[in-house]
*Asks:* 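Got a structure here, written out as structure tokens. Questions coming.
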Amino acid sequence: MAGTTSTSVQQLYADVVADLQAYYDDAVLLPNQAFILNSFDMSNSTGNTLRIPLTNAYTNGASVNEGTSIKDQAQSNLVPTAANITLTKFGVATDVSEESLEDGGAGVVRQAVLTRLSRGLAQAVDIDGFAKLKAGITQETGDAAGANAAFTEHFVMSPECLASASKRQPTVAMWYNPNLDSHEFRGTTRHGFVVQRPEFGCKVTDRTNSFASPTANLDNYLQAVSTLRSQNAPEMADGSYIGFVSPKEEFAIAKQLASIGDASIGSLSDIGNRALLNGLIGQAAGITFFRSNNLPDAS
């Protein structure tokens, strides 16, 4: 593009606005129906907090002698509790100089802006979601003594462990700064998470500061699956739980799998976007594993 005009800049902005949601969806990992069954849209409601009612555990029925009180033998009352989601605003900024538009071309600039805004917002949302899992889940396997930056928290969870809410989909604003001769893009979104069922998740702590150090093995993940099943935690549609692991943990797990790339790979037909397609590393021990670089450390 030899030069820029107000029309071409507005078209660039319109293209970015139109495509930001799709690019964000491909990059973000947590707000996905495969992982989170309870997702809420708050865009048409007031306030920044969502209260989710939760039922208490049921009471098993009991054998009752003829003529005796059923209530005294097995009373199962509904005593609801609640989990609250508080929304957080996430933002990312990128500036495009007039010279970049003149020399780089609208297509190149559009791709760069989309990538920076969508990935910046998506990473912020993922980091917040995993931080909520770390804070909310108390069940743990692996090296539970690890409590510093050399250890990473990995997660095995039911799709009903975490809940999310969104009030503002990824949105971008733009204006021209004549002093800097620059077009300034500002992307924002408002999202929130809460661990509504802590018993439906399990942390697997492992030292992952080098490829030689991971000590967690499939036994730890089998223990996590057993822990969730003992809580009657619902599974995904394919009958497995969700496992989020770091790249180094992926390496440690892959070494223990008989093979990776054949029948142990789970079906991709129900996976919603490219981020999940690229993140899926295999299925073993009743877990479908997904790789993420946004997992928190154990400090």
Side-chain angles (χ1 to χ4, degrees), residues 9-36 38-45 47-50 85-97 100 104 106-136 153 155 162-177 182-195 242 244 246-247 271-280 290-297:
V9 171
Q10 287 303 315
Q11 185 58 49
L12 169 67
Y13 172 65
D15 289 343
V16 169
V17 171
D19 289 342
L20 180 61
Q21 182 66 47
Y23 279 74
Y24 168 87
D25 283 342
D26 277 343
V28 80
L29 193 62
L30 281 181
N32 187 288
Q33 286 293 325
F35 301 147
I36 304 176
N38 299 297
S39 298
F40 304 91
D41 182 3
M42 296 178 60
S43 57
N44 295 318
S45 59
N48 73 329
T49 301
L50 175 69
I85 298 178
T86 300
L87 298 171
T88 301
K89 178 180 177 180
F90 302 100
V92 63
T94 186
D95 296 343
V96 180
S97 68
S100 295
V108 173
V109 172
R110 170 186 172 278
Q111 184 64 45
V113 171
L114 275 173
T115 300
R116 289 183 178 275
L117 294 180
S118 62
R119 291 189 178 276
L121 293 175
Q123 186 174 37
V125 171
D126 277 2
I127 289 173
D128 183 63
F130 285 124
K132 294 296 194 302
L133 285 175
K134 173 185 174 181
E153 298 288 12
F155 303 99
L162 192 68
S164 71
S166 177
K167 190 158 191 175
R168 181 189 303 172
Q169 295 299 323
T171 304
V172 61
M174 186 198 75
W175 61 89
Y176 175 68
N177 186 331
S182 177
H183 304 275
E184 302 180 352
F185 292 80
R186 301 294 181 264
T188 60
T189 188
R190 294 182 70 193
H191 211 96
F193 297 95
V194 68
V195 176
I242 306 140
F244 291 117
S246 67
I271 301 301
N273 58 38
R274 287 193 296 274
L276 304 188
L277 289 175
N278 296 333
L280 180 65
F290 295 89
R291 180 197 323 111
S292 176
N293 287 320
N294 297 323
L295 297 176
D297 64 46

*Asks:* Would you call Phe90 and Val125 a side-chain contact if the rule is heavy atoms closer than 4.5 Å?
*Replies:* yes
*Asks:* Ser164: what forms a side chain to side chain donor-acceptor pair (under 3.5 Å) with it, not counting sequence neighbours?
*Replies:*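 Checked Ser164 against side chain to side chain donor-acceptor pair (under 3.5 Å); matches are Ser39.
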*Asks:* Identify, with sequence neighbours excluded, every residue that meets side chain to side chain donor-acceptor pair (under 3.5 Å) alongside Thr171.
*Replies:* none
*Asks:* Please work out which of the three classes, parallel, tilted or perpendicular, describes the rings of Phe130 and Phe244, given edges at 30° and 60°.
*Replies:*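 Geometry flag for Phe130 against Phe244: perpendicular rings.
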*Asks:* Going from CD on Gln21 to CG on Asp26, what distance comes out if it is rounded to the nearest 0.5 angstrom?
*Replies:*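 The distance works out to 10.5 Å.
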*Asks:* So, Phe185 versus His183, ring centres under 6.0 angstrom or not?
*Replies:* no
*Asks:* Would you list the pairs meeting salt bridge (charged side-chain N to carboxylate O under 4.0 Å, His left out) in which at least one residue belongs to residues 119-129, sequence neighbours left out?
*Replies:*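 Passing the test, one end in residues 119-129: Asp128-Lys132.
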*Asks:* Can you tell me how far CG of Leu29 sits from CD1 of Ile127, rounded to the nearest 0.5 angstrom?
*Replies:*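 Rounded to the nearest 0.5 Å, the CD1-CG separation comes to 12.0 Å.
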*Asks:* Looking at side-chain heavy atoms only, is the closest gap between Phe193 and Thr88 below 4.5 Å?
*Replies:* no
*Asks:* In Å, rounded to the nearest 0.5 Å, how long is the span from CE of Met42 to CG of Asn48?
*Replies:* 7.0 Å
*Asks:* Calculate, to the nearest 0.5 Å, the distance between atoms CG and OG belonging to Leu87 and Ser166 respectively.
*Replies:* 7.5 Å
*Asks:* Using the rule side chain to side chain contact (heavy atoms under 4.5 Å, CB included), only one of Thr94, Val92, Asp95 pairs with Arg186; which is it?
*Replies:* Asp95
*Asks:* Could you tell me if the side chain of Lys89 sits less than 4.5 Å from the side chain of Arg168, heavy atoms only?
*Replies:* yes
*Asks:* Which pairs, with at least one residue in residues 14-24 and sequence neighbours excluded, count as a salt bridge (charged side-chain N to carboxylate O under 4.0 Å, His left out)?
*Replies:*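 Found Asp19-Arg110.
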*Asks:* I'd like to check the side chain to side chain donor-acceptor pair (under 3.5 Å) partners of Ser292; sequence neighbours left out, ordered by chain and number.
*Replies:*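 Partners of Ser292 under the side chain to side chain donor-acceptor pair (under 3.5 Å) test: none.
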*Asks:* Walk me through whether Leu162 and Phe35 qualify under side-chain contact (heavy atoms from CB on, under 4.5 Å).
*Replies:* CA-CA 8 Å; Leu162 192 68; Phe35 301 147; over 6 Å; no
*Asks:* Let me confirm one number: the CD-OG1 distance from Gln169 to Thr189, rounded to the nearest 0.5 Å.
*Replies:* 6.0 Å
*Asks:* Between Asn293 and Gln123, is any pair of side-chain heavy atoms under 4.5 Å apart?
*Replies:* no
*Asks:* Work out which heavy atom in Glu153 is nearest to a heavy atom in Leu295; give both atom names and the distance.
*Replies:*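 Closest pair (atom of Glu153, atom of Leu295, distance): O-CB, 3.7 Å.
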*Asks:* Return the CD1 to OG1 distance between Ile85 and Thr49, rounded to the nearest 0.5 Å.
*Replies:* 9.5 Å
*Asks:* Could you tell me whether a side-chain N or O of Tyr13 sits under 3.5 Å from a main-chain N or O of Val172, the two making a donor and an acceptor?
*Replies:*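 Yes.
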*Asks:* Any non-hydrogen side-chain atom of Gln111 less than 4.5 Å from a side-chain atom of Tyr23?
*Replies:*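 In contact.
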*Asks:* Please report the closest heavy-atom contact between Val28 and Pro31, naming both atoms and the distance.
*Replies:*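 The pair with the smallest heavy-atom distance is CG2-CD, 3.5 Å.
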*Asks:* Give a yes or no on whether the backbone of Lys167 and the side-chain of Ser43 come within a donor-acceptor separation of less than 3.5 Å.
*Replies:*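 Such a contact is absent between Ser43 side chain and Lys167 backbone.
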*Asks:* Answer whether the closest heavy-atom distance between the side chains of Val9 and Met174 falls below 4.5 Å.
*Replies:*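 Yes, side chains in contact.
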*Asks:* Please enumerate all residues that pass side chain to side chain donor-acceptor pair (under 3.5 Å) together with Arg116, with sequence neighbours excluded.
*Replies:* none
